[in-house]
Protein chains: 4
Amino acid sequence: MRHHGNRHGRSEQARQAVLEAADDILVERGFAGVTVEGIAARAGVAKQTIYRWWPSKVDILLDAFVDDMNEELTPPDLGSLADDLAAYLPMLATFLTETDEGAVFRALAGQAQHDPAVAARFRDECVLPLRARDRLILQRAAERGEFADLDVEAAVDQLVGPLYYRVLVTGEPITREFIDGLVRALVA
Amino acid sequence: MRHHGNRHGRSEQARQAVLEAADDILVERGFAGVTVEGIAARAGVAKQTIYRWWPSKVDILLDAFVDDMNEELTPPDLGSLADDLAAYLPMLATFLTETDEGAVFRALAGQAQHDPAVAARFRDECVLPLRARDRLILQRAAERGEFADLDVEAAVDQLVGPLYYRVLVTGEPITREFIDGLVRALVA
Amino acid sequence: MRHHGNRHGRSEQARQAVLEAADDILVERGFAGVTVEGIAARAGVAKQTIYRWWPSKVDILLDAFVDDMNEELTPPDLGSLADDLAAYLPMLATFLTETDEGAVFRALAGQAQHDPAVAARFRDECVLPLRARDRLILQRAAERGEFADLDVEAAVDQLVGPLYYRVLVTGEPITREFIDGLVRALVA
Amino acid sequence: MRHHGNRHGRSEQARQAVLEAADDILVERGFAGVTVEGIAARAGVAKQTIYRWWPSKVDILLDAFVDDMNEELTPPDLGSLADDLAAYLPMLATFLTETDEGAVFRALAGQAQHDPAVAARFRDECVLPLRARDRLILQRAAERGEFADLDVEAAVDQLVGPLYYRVLVTGEPITREFIDGLVRALVA
DNA sequence: CGTTAAGCGAGACGGTACGTCATGTCTTGCG
DNA sequence: CGCAAGACATGACGTACCGTCTCGCTTAACG
């Protein structure tokens, strides 16, 4: 049964179809291949319906990322900082480099370099939630007394910064050894 | 007197005008405002002249970056690793966030997220030369014997990774204290 | 207190509001400016209410014309054909060129060139009633015996044809002399 | 050999293709079926090429009419006014009602009712040339001395006005008798 | 020392996607 | 049941750039 609008706001069906279509096209054809017309066609939705709810294709990807991210990346709680990090950082690396959500993240990070408005939304809606997960592990370690005087924010940057650097800048693979080095530098 | 072509090789005048126009437009209007037509108009050059020498606008920016970068960012040589880093890292941060070349770098980094071909050229022509400078300081320290057993590549990532992460991802400012923390973590 | 529907038949209030809104917009902004959405907004009526009762905006204008025309253009009865025509033809010209109803008539005549269905309704509901008035004068003259053997239909065409031609085709103003010429040609 | 633009102005090939496509679509699907996109597709031309040279689809039809009209409707010269008119007026009627150019003329006449700017161009480029032909017959008669004191302009209106009135307003067919009546009224 | 071919400015061309506007259909809840 | 409200699929609008092409001028090496 097709839904053709009603007085109580938007069609959830259309919303989902748009987000999924955007996601799929991004993964299949890259960011340049993502067009509002393409999304509309693939989602079986009118272009105007997209423009009614999203100002641009970037906003669609932001929504798509927010929707999907929340189902992923639950940080482990293994009882020791070193173990938690050894489990979590590879998960994060895989998330960023291998998953569809990671592809969306990278595309948004790319677009954030071109547009300050995108950058602001990207930080609030993508980076902050990811950092919250990063922080969680360190905070639990602090609560256990492993690090009495830790500056959590700086520590997060030192831990995940090199990882994002490899993902977004150098393209180097993130190896077990690389992560071990990061953990050792922090624990030392 | 305008130059209208010759039989043997390209017009250096046109090349310079194009690179400068691209640079200027990027800084003034952002990456989205950079168009081949706009560059041509501003440089007083025919569109075809651009397409004859550059496959896309990204290649223009790459050339512009390479031209300009070589005049910047000479790493200091103060005799101690801590001093060198304390002098160099703020220079790098300023280069990335404040200068026109930094704006080009960020734009290219952004576009590299969207296109693997751009990513490859970006790494070869932008990232590698910058990393060469990063490495120089650590190599000199190693030669002085400050760190006998240092893995230079990993150390570079740990040093500059958090810095790029702030520039490209979180947008947090890069403070004196932040840099001191990075240096301390390495020297420890 | 606004009316929001009732159980027994359509709202006359809504009908009037729609016809007036269509008329007003046509006069103010021209035929291209007449849109169903615009009419609905101006009339304070839902779009669906319009589509429930009129198949298209042209049908709205047809209804508007029929409503208004009946209050206008009563042919005079001065006792002689020449006098009647000398009084009536200028009235007709003014009606077509100066009044709001004339504007509606011209818009419908224009649309009739594009769509045979419109043309049919236009002739039945607009042209025929106007021709009835034209004919009336000639018929009364025939009844008075002024013209025993007159072909009324052909005479009407010869009289008002040039007038419509000027209004719809050449745009020439309709002068006293022009009308006198038409009358003279008929009476001769 | 395809032509893709040069420094000396527009492609005559594209111009012709556009005019013919517009003409064909108008005849096949009516004025409402004429769209710039449809013309572009049918002519094998880019939409922008159309907008570069014509402000609107009406301007295309105007050009198409002007191009085609000049090859049609040469008034006869049979030596007497009555004969000339008896030959010419049916030709005119057929031109307006049966030919493709007539369809374009009627469409333009329709659009002229909606837009004063169109009306102005329509009169200058369509109506005036047609009237020139109408006038020719009467002028030749005047030169022959058939009508010493004829007001040619008014006579043209009286002759062709009823004819256009039937074509554009009533839709009545234009019969031999009807035309004879018009000629008789003038000659009388 | 004139020929001639490459580089150039100019700009029209076939395309693709943009973001907007109006159409006519639909669903909902109030009166 | 009629209505106001408004979301929806559809499709054309007019614009902006893309990358390709042709043209005629300028200019320097070659004949």
Indicate whether OP1 or OP2 belonging to F/dG2 is found under 4.0 Å from a side-chain N or O atom of C/Ser11. no
Could you state the [atom1]-[atom2] distance from [X] to [N], rounded to the nearest angstrom?
X	N	atom1	atom2	answer
B/Trp53	E/dG7	CH2	C1'	8 Å
A/Ile60	E/dA17	CD1	C1'	14 Å
B/Arg42	E/dG9	CZ	P	17 Å
B/Arg29	F/dC17	CZ	P	9 Å
D/Arg15	E/dG14	CZ	P	15 Å
D/Glu12	E/dC13	CD	C1'	15 Å
B/Asp59	F/dG19	CG	C1'	14 Å
A/Arg10	E/dT28	CZ	P	18 Å

Looking at CG of D/Leu19 and CD1 of D/Ile39, how far apart are the two atoms once the value is rounded to the nearest 0.5 Å?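 The distance works out to 9.0 Å.
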Lys NZ or Arg CZ of D/Arg10 over D/Trp53 ring: under 6.0 Å, within 45°: yes
Comparing A/Ala46 and C/Ala43 on DNA chain F - which has the more 5′ nearest nucleotide: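 Nearest-nucleotide comparison on DNA chain F picks C/Ala43.
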Any residue meeting ring-ring contact (aromatic ring centres under 6.0 Å, His included) with C/Phe122, in chain and number order, not counting sequence neighbours: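 With sequence neighbours excluded, C/Phe122 shows a ring-ring contact (aromatic ring centres under 6.0 Å, His included) to C/Phe105, given in chain and number order.
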Applying side chain to side chain donor-acceptor pair (under 3.5 Å), which residue pairs with at least one partner in residues 21-33 of chain A are found, sequence neighbours left out?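 Non-adjacent pairs meeting side chain to side chain donor-acceptor pair (under 3.5 Å): A/Glu28-A/Arg42.
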Closest approach of A/Val45 and A/Ala14, non-hydrogen atoms and distance?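 Heavy atoms of A/Val45 and A/Ala14 come nearest at CG2-CB, 4.0 Å.
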Does D/Gly38 reach a base, just sugar-phosphate, or nothing at all? Heavy atoms under 4.0 Å. nothing
Would you classify D/Trp54 as touching base, sugar-phosphate or nothing, given that sugar-phosphate means primed atoms plus P, OP1 and OP2, and contacts are heavy atoms under 4.0 Å?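 Nothing: the residue D/Trp54, judged by heavy atoms under 4.0 Å, touches no strand.
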Passes salt bridge (charged side-chain N to carboxylate O under 4.0 Å, His left out), C/Asp115 versus C/Arg121? Steps please. CA-CA 10 Å; C/Asp115 182 344; C/Arg121 290 204 59 199; over 6 Å; no
Identify each atom pair where a protein N or O and an N or O of nucleotides 20-22 of chain E are less than 3.5 Å apart, giving names and distance.
{"residue": "E/dC21", "atom": "N4", "partner": "A/Gln48", "partner atom": "OE1", "Å": "3.0"}

